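Comments concern the structure below.
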Amino acid sequence: MYTEQTIHPLRTRMQQWRQAGERIALVPTMGNLHVGHLALVGQARQLVDRVVVSVFVNPGQFGAGEDYLSYPRSLEQDTDLLTQAEVDLMFVPGVDELYPGGQRGATYVGVPGLSEILCGASRPGHFCGVATVVTKLFNCVQPDIAVFGEKDYQQLLVIRKMTEELCLSVEIVAVPTVREADGLAFSSRNAYLTAEQRKCAPLLYNSLLLCKKRILSGEQNYAVLMSQAQKNLRAAGFDPDYFEIRRADSLTEPTGDGHQLVILAAASLARTRLIDNVRFTP
Ligand code: PAF
């Protein structure tokens, strides 16, 4: 596996591969890789000739007081995992490489509307930071496809909208959420959970499944379902941020016309913020 830390040699290698007629996938990550990331790599591997994984903890998507400094970093282990997964190139830029003029006053990519609801309402600027860094990574690698997890469902829609509206020629591929045996979605932030919190954490997914079951068995009062779910989460020790039933294509309020739905939840166990979602057709 090649490793590049700067854009120039990365571009040279990408050009060589493209000239040889090879298709390239990018899997953007913030490192501390787990089974969920490896599923993205596996999907990429099946679709193209060359797989590039970026590992960059993006300061632009963390708000003041969030966990940018303490975010788990494990580059040696990530390198081993990506080598075993037969990744062709790992791109590990420093902050100065992607934000050459610093972050303040820099050029940012905004995806209005979709970025301001749900996670965006509690984490102002977060999706602007995501859209900006993903655009930079797309420009550096110029991949044919880019692979993202459905666990970050709102992020996936933000990236799809941005790609479409900026006329970027990258196909966005989504991979279903990978879960532990008890249903908890794999996430780098699970590392923050104490043993006690870890036992409680699968309740987030279970509450999504219960809500889905009640909708499928005919419950139409979504407001009641959402507030009951929040109440149950609170009783179990979570601090819920939101528990929402939305249209899967736009994250707008459901209109009851048979569109696919997604139930999304964000809730904290002490300092650990967990997110999850389930998508289905009612
Ligand atoms: O999902 C993530 O890990 C990050 O938000 C991403 C897409 C790599 C951008 O920093």
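Bear in mind the structure is a predicted one, so any value in this text is a computation, not a measurement.
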Next on the checklist: Is it the case that the side chains of Gln61 and Arg123 hold a donor-acceptor pair, with the cut-off being a distance below 3.5 Å and no angle test?
Outcome noted: no
Item to check | Ser268 versus Asp239, side-chain donor and acceptor atoms under 3.5 Å | outcome: no
Checklist entry - Is the Phe62-Tyr71 ring centre distance short of 6.0 angstrom? => result yes
Checklist outcome for this item: For Ala267 and Pro240, the nearest pair of non-hydrogen atoms, with its separation, is CB-CA, 3.7 Å
Next on the checklist: Check whether Tyr153 forms a cation-pi arrangement with Arg279 (NZ or CZ under 6.0 Å from the six-membered ring centre, at most 45° off the ring normal).
Outcome noted: no
Item to check | For the student: nearest non-hydrogen atoms of Val134 and Ile159, plus distance | outcome: CG2-CD1, 4.0 Å
Checklist entry - Could you walk me through whether Ile263 and Leu261 pass the side-chain contact (heavy atoms from CB on, under 4.5 Å) check? => result CA-CA 7 Å; Ile263 314 172; Leu261 297 179; 5.7 Å; no
Checklist entry - Would you say Val27 and Leu33 are hydrophobically clustered, going by side-chain heavy atoms of ILVMFWY under 4.5 Å? => result yes
Item to check | Modelled atom types, side-chain donor and acceptor of Gln77 and Asp80, under 3.5 Å | outcome: no
Checklist entry - Within 45° of the ring axis of Phe280 and under 6.0 Å from its six-membered ring centre, is that where the NZ or CZ of Lys213 lies? => result no
Next on the checklist: We want to know whether Ser74 and Asn32 form a side-chain donor-acceptor pair, criterion being a heavy-atom distance below 3.5 angstrom.
Outcome noted: yes
Checklist entry - Would you say the side chains of Tyr205 and Asp182 form a donor-acceptor pair under 3.5 Å? => result no
Next on the checklist: Between Arg247 and Gln260, is there a side-chain donor-acceptor contact under 3.5 Å, judged purely by atom types and distance?
Outcome noted: no
Next on the checklist: Given the ring of Phe238, does Arg273 sit roughly above its face, with NZ or CZ under 6.0 Å from the centre of the six-membered ring and within 45° of the axis?
Outcome noted: no
